[in-house]
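Below: the structure, in structure tokens.
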There are 2 protein chains.
Amino acid sequence: MPQPPQSYRELEMLITAEYATLSKRLQQTARFMLDHPQEVALATVAKIAEQADVTPSTLIRLANSLGFKGFSEMQQLFRSRLVDELPNYTERIRAVRSATGETPDSTQLLWEFADANRAVLEQLPSRIDPASLEKALDIFEQAHAIHVMGARRSFVVASYMTYALAHVDKPALLVSGLGGMYGEQLRAMSQHDALLTISFSPYAEESQQACADAHQRGLPIVVITDSLLSPLAHFADVVFVVNEAEVKSFRGLTASLCLTQALAIGLGVRQDKRRQKQ
Amino acid sequence: MPQPPQSYRELEMLITAEYATLSKRLQQTARFMLDHPQEVALATVAKIAEQADVTPSTLIRLANSLGFKGFSEMQQLFRSRLVDELPNYTERIRAVRSATGETPDSTQLLWEFADANRAVLEQLPSRIDPASLEKALDIFEQAHAIHVMGARRSFVVASYMTYALAHVDKPALLVSGLGGMYGEQLRAMSQHDALLTISFSPYAEESQQACADAHQRGLPIVVITDSLLSPLAHFADVVFVVNEAEVKSFRGLTASLCLTQALAIGLGVRQDKRRQKQ
DNA sequence: GTATAAATGGAATATTTATTCCAATCAACT
DNA sequence: AGTTGATTGGAATAAATATTCCATTTATAC
């Protein structure tokens, strides 16, 4: 068994294939591992051994007989499983990568971007607090109009949100700074409005200013940013922290866009309900 | 700080609350941890310290100052987060759906959007022809400047592309129609430039006009659209057909953005290579 | 039933990893 | 500028964890 598996799936297959040829204790151990992969990923040899009702040595022996140098090496696969949910997909990327040689050509780039963004989307919904979502919608629903602010990279998101809000019949104003009129646009915010600011590191001065202004005037503020420690978070009534994909030191916008989409449509659904009641 | 947090969320809150009172290095460490929780969950003190660009001692100090007996104790919270948050993905969607009954609340909407967009990204790279990618990059590379056109929903994509191109040092001009100057902006296109048009059904008149103009002047044209039968396809030298997600009759933009991202960075990589040769 | 090989448990050891401690550095204040 | 206290880096140490090794048990063949 000179070639150890490279992914959790491969390991699963190998264990299944070799199971019959293993000794009694080794079978017992293998079965436990397949049944409790999460445990194996995070616990120590001693703890796992105890739970599987075998001795630590047996775990090492199993790892060795599956081709690994030691238990720790095998454990890495269990850990990687926790991190990237879909080994199938990542393998496909690896296939593309090796097929195209070293230098990343454009097709491989596309695969990498798609994969990175896909992974981000997989995690997004579970990382967003439902209560925050509801609270943000409360704020938006009660606001007469929503001012949307996003500079530089975040401008794209702000622009999309403005578009989407208009399509669910919610008055929305993009704070664009067009004609150098940031100040004027901010002064147009009334007490009955709300502000949505999107801002990522390095947080644009204009976005911070917008939040500070709105805060002073007592407007409710919703912020989409990349860290709880963002300077924007301080002013906000609701903070959404999104983790964007990064490939070749270029950050994506997929998660933010997905979130704004959900916010806009969520607002639309609410308004529909209310109108039906009346 | 006698009472350490009991859950990852509590820890998040504590860090946020105490952040301002921490020293510089401790802040740096705290930020890294919040931004890379996955890393912290699985790596060793030494590895994490290296990635966060601090010394191992700092990690332990931070753990202590947050009330933990040591780093390992704190790490347990990061690990529990990995475990609690990742049951099978599709099962969770189903769970959310059934728990909320018929009417889709905002959280379920978010799950649906994330899932739909994720599915789209999974298919995207295999549906894009590698030869078209290369051809588009050839066109962009030879162009003096790239004019980017996208109206209404596509404006977001066009806007992002312009931003991304600027960041890889490629002269890019967004055809925005600002001040009603579509005509003027189109007339500024020179023979040595290229046009990238993004347009989805119902294809905006302005986008069609832009392509027609560019075609007449002999500019190479790249089009991102939703069907080979799109009226834009007729003028194009390269056509990318992308399939966007649709939830509640609202279409996403994820695939288009991912594609533009890959195009922009792909161009950047090429330019780097060429400059290195010289 | 005995001989031989394989498998097993557990203590001993090696290795990795976390933690402590102290000297050097930095920042704040006089 | 000099002094004090906090902060930091890194080497030294302690703790934990994995691995090896060997005596003992269990299974297999004759």
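Labels below follow one simple rule: chain letters A, B, ... track the order of the sequence lines, proteins then strands, and each chain is numbered from 1. No experiment lies behind these values; they were computed from the predicted model shown.
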How would you list, by chain and number, every residue that makes a side chain to side chain contact (heavy atoms under 4.5 Å, CB included) with B/I15, sequence neighbours excluded?
B/L11, B/A30, B/M33, B/L34, B/L66
By ring pair (Phe, Tyr, Trp, His ring centres under 6.0 Å), A/Y182 pairs with (sequence neighbours left out) none
Once you round it to whole Å, what is the distance between C1' of C/dT8 and CG of A/L62?
14 Å
Between atom CZ in B/F68 and atom C1' in C/dA18, what is the gap in whole Å?
16 Å
Return the set of residues passing side chain to side chain contact (heavy atoms under 4.5 Å, CB included) with A/N243 (not counting sequence neighbours), or none when no residue passes.
A/R127
Calculate the interatomic distance between A/E50 atom CD and C/dG9 atom C1'; express it in whole Å.
15 Å
I'd like to check the side chain to side chain contact (heavy atoms under 4.5 Å, CB included) partners of B/T58; sequence neighbours left out, ordered by chain and number.
B/R25, B/L26, B/T29, B/V54, B/T55, B/R61
Can you name the salt bridge (charged side-chain N to carboxylate O under 4.0 Å, His left out) partners of B/D272, sequence neighbours left out?
none
Under 4.0 Å protein heavy-atom contact, by nucleotide of nucleotides 4-22 of chain D - B base, S sugar-phosphate only
---SBBB------SSBB--
